[in-house]
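None of these values were measured; they are calculated from a predicted model. Throughout, numbering of the chain's residues begins at 1 and tracks the sequence. No hydrogens, no waters, no symmetry mates; every other heavy atom, side chains included, goes into these values.
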Amino acid sequence: MRFIDLISGLAVSFVYTGLNALLFFLLNVEWTWWPFLVCTLVLSLLCFFSRRASFKHRWIQSLLKILFRIVFSAVLIAVLLQLSVTQRSFADAWLESTRNGEPFGFFSFFVCELYALLLFIPLFAFCDGHYLNAACFFISEHFFAVGFIFQNQTFTFLSLVPVLFLILRKKKWQVILIPSVCAVLCSAGFAFYENKSGKSFSDFISIDTSKIMSAIAPDFPLMAHISGYGTSVNAEEPLYTISPSQKEIMSVRADPFEAYYLATKCYSSWDGEKWSAFQDENESRHVDVFFADEKFVPRSNQIELTVRDDFLSVVPLTNLTESVTLPAEYSSSDFFVSDSKALSVSPGLKKNAAIILRTENHADPEPDYEALTSSKVPESIRKLSEKLGASVLDKKAYIARALDYLHGEFKYSLESPKPPKDKDPYEFFLFTSKTGFCTWYAGSFVLLMHSAGIPCRMVEGYCAVTNGIGRANISGLQMHAWPEVYLDGRWQIFEATAVINAQNPYLFINPDDAKTKNYISKLLADSEKNELSLESEKKSFDFWFLIYGFAVILVLSALVLLIRKIILSKNLSYRAKWIVKIYGRKNIPSPREIGWLQWKKEVEKCSKTEKENRLSKDASRIADRMIQKLYQAPESNPAK
């Protein structure tokens, strides 16, 4: 490699890394900075030296090309997976905060990843020697970013000028015309088909990227609110698998050794396919919202929630919450208290925002009995309710019998078997699989109550148990669903999932269910923490993980190169091309110019050393085989 190539490569890489570092600090990324910049430096060096530099040994450049393609593909796939699971609410909250000069959170890091990836477009052009293209792409990308983030149409329009200049200069309209026409035709075809059939293209080709991300990075911040995979169980429709995240979204301060059920949604009845949302037509309880910078005072009727995620848009409330106090800076925010008694705030509360809930034990007005007992209950579940004493026992005794039944032969698991298409999911759970997680227990209990005409609703949210100093944390490990029965003039919580209150929860888990056992282990370990830091913690980075990762990629690249060489070495045309290129450096004309026979004679004249003699013999064999292949007459068919 020439010295000028080395200097140029380092200069380009430092400029590329410097631009990423500048954006990293401008966006106030709360993340360890040096691993990101090391990755950008290494990737840009691989890009330059694999496309621009020349090495004495060709295999080095081939190895660099393969290495760069593997690393770049992995980065591209990782960013696309992150993009696929990112909720629009994250982007909206981040954009609004950035326009106010206060970018925050993990989304800033994600934007830096997108910027580093898009910056490769001008980098590719620069490494290929197309300097004007690189400059135009660079200007266009930055003008578009400024116009999009700050809603400035002037910059958005100016971002098109450099691209149009390149098209006019090279007069290659097909660069933009052909892709545009194809996109329009494909979109029109998909729209016409969807209009006629009612099915979209995604109905036929759908990839659950959330499941992929759950397996790779279950604690990925942008997955926090994806049903079943982050910190929300979302019981409206039956879920058959959940993967709780350990990412903390809130911390709790309240009375010690208490279990707090914090609700986000309520459901009133089951129609055979999904649950209907709870409608509080009687407005049984009004929740007041105040705005003040108030310090938390430990009292039996107060609970403090501190936001630990980048932002929180839904504040869960207990069943007895009378008022909520938010920080004064959110006084201009839009908010409303849903029928489920959860507080929605737009834009969301930022990290470290403190929320104070005040509770009061009171009676609740009678609910709509018809709405809370009108579930579509299968006949087999109605027979079960009669067997449990629905018509002969009083409400409390029947509730106790139903709980005993659900706490009996059932097994707790994060993976619930799917029922046949013609079978009610809860009927299948109660009589066939007897395996599932909290939503199955809670939903089955509600159906048993509705069979007996007892008003009952299913609630989802979080179950947090405080330790000896009144602290707890809330993450995906605490996401939960439970039933509430209207009894003695108020809504009372019952725990249908036996594993939650069991002294030995492993008794309710199948011995070979490794995923669920691992979840319970994490949940128990989390509950045993004595203290929770209220300061924001930056993610630590394992330096050896980075080294091992690059070592694996290097070995994989070498393996790919070796396999490629083995496969292609058996290909005569490839070997001939390779050997001709070697002797071309020794000023021997190509066989296309002098023929294979004359080329063979010229090669034999170059043999001086032992290494050259071996190479010459190999060249002679290849020449003979090429002559045989080119001039051998085809065999005639034998006479019949």
Do Ser475 and Glu248 meet the criterion of a side-chain donor-acceptor pair at a distance under 3.5 Å?
no
Please answer whether the main-chain N or O of Leu160 pairs with a side-chain N or O of Ser140 as donor and acceptor at a distance below 3.5 Å.
no
So if I apply the side-chain contact (heavy atoms from CB on, under 4.5 Å) rule between Asn473 and each of Arg308, Met250, Gln478, which one comes out positive?
Gln478
For Pro316 and Leu262, the nearest pair of non-hydrogen atoms, with its separation, is CB-CB, 3.7 Å
Is there side-chain contact between Thr241 and Lys418, with at least one heavy-atom pair below 4.5 Å?
no
To the closest 0.5 Å, what do you measure between CG (Asp128) and CG (Asn133)?
9.5 Å
Please walk me through it: do Val324 and Phe290 pass side chain to side chain contact (heavy atoms under 4.5 Å, CB included)?
CA-CA 6 Å; Val324 180; Phe290 302 101; over 6 Å; no
Any donor and acceptor pair, going by atom type alone, linking the side chain of Tyr330 with main-chain N or O of Lys350 inside 3.5 Å?
yes
Atom pair OG1 (Thr439) and CD1 (Ile242), whose distance is rounded to the nearest 0.5 Å:
7.0 Å
Heavy-atom side-chain proximity of Pro244 to Leu414 below 4.5 angstrom:
yes
To the nearest 0.5 Å, what is the distance between CZ on Phe109 and CG on Leu114?
10.5 Å
Can you give me the closest heavy-atom contact between Ala235 and Trp275, atom names plus distance?
O-CD1, 3.3 Å
Cut-off 3.5 Å, side chains only: do Ser268 and Ser276 have a donor facing an acceptor?
yes
With distance as the sole test, does Ser159 use its side chain to make a donor-acceptor pair with the main-chain N or O of Thr156 at under 3.5 Å?
yes
Between Phe144 and Phe155, is the ring centre distance below 6.0 Å?
no
Side-chain contact, heavy-atom cut-off 4.5 Å: Ile355 with Thr325?
no
Exercise: do Glu460 and Tyr267 side chains pair donor with acceptor under 3.5 Å
yes
Could you check if a side-chain atom of Thr17 sits within less than 4.5 angstrom of a side-chain atom of Ser44, using non-hydrogen atoms only?
yes
Parallel, tilted or perpendicular: which describes the rings of Phe124 and Phe72, with under 30° parallel and over 60° perpendicular?
perpendicular
Nearest-0.5 Å distance that lies between atom OG1 in Thr40 and atom CZ in Phe24
9.5 Å
Donor-acceptor pair, distance only, cut-off 3.5 Å: does the side chain of Ser108 make one with the backbone of Pro103?
no
Do the ring centers of His142 and Tyr115 come within less than 6.0 Å of each other?
yes
Minimum-distance pair of heavy atoms, taken over all atoms of Val79 and Phe110:
O-CE1, 4.1 Å
Do Tyr16 and Leu119 have side-chain heavy atoms sitting under 4.5 Å apart?
yes
Do you know which two heavy atoms are closest between Cys438 and Val233, and how far apart they sit?
SG-CG2, 4.5 Å
Can you find a pair of side-chain heavy atoms, one from Leu123 and one from Cys47, that are under 4.5 Å apart?
yes
Looking only at non-hydrogen atoms, find the nearest pair between Phe148 and Arg99 and report the distance.
O-NH2, 3.5 Å
With a sphere of 6.0 Å drawn around CZ of Arg69, does it hold more than 12 non-hydrogen atoms of other residues, nucleotides or ligands?
no
Look at the side chain of Asp309 and the backbone N and O of Leu312, then say whether any donor-acceptor pair between them is shorter than 3.5 Å.
no
Does the pair Leu343 and Val314 meet the rule for a side chain to side chain contact (heavy atoms under 4.5 Å, CB included), with working shown?
CA-CA 6 Å; Leu343 175 65; Val314 177; over 6 Å; no
Asp288 side chain vs Ser323 backbone, donor-acceptor pair below 3.5 Å:
no
Show, in sequence, the C-alpha distance, side-chain angles and deciding distance for Asp334 and Val345, and conclude whether the side chain to side chain contact (heavy atoms under 4.5 Å, CB included) test is met.
CA-CA 6 Å; Asp334 295 328; Val345 184; over 6 Å; no
Fit a plane to each ring of Phe120 and Phe68, take the angle between them on a 0 to 90° scale, and name the class: parallel (under 30°), tilted (30 to 60°) or perpendicular (over 60°).
tilted
Arg253 side chain to Phe296 main-chain N or O, any donor-acceptor pair under 3.5 Å?
no
Does Phe157 have more than 12 heavy atoms from other residues, nucleotides or ligands lying within 6.0 Å of its CZ?
no
Output for pair (Thr264 OG1, His480 NE2), nearest 0.5 Å, gives 12.0 Å
Between Glu237 and Glu273, is a side chain to side chain contact (heavy atoms under 4.5 Å, CB included) present by the stated rule, with each step listed?
CA-CA 7 Å; Glu237 295 183 5; Glu273 294 183 357; over 6 Å; no
How long is the gap from CG on Leu305 to CD1 on Ile474, to the nearest 0.5 Å?
6.0 Å
Side-chain donor-acceptor contact under 3.5 Å, Thr318 with Thr321
yes
Would you say the side chain of Asn234 lies within less than 4.5 Å of the side chain of Lys265, judging by non-hydrogen atoms?
yes
Are side-chain heavy atoms of Val12 and Phe126 found at a separation under 4.5 Å?
yes
Are the ring centres of Phe291 and Phe335 closer than 6.0 Å?
yes
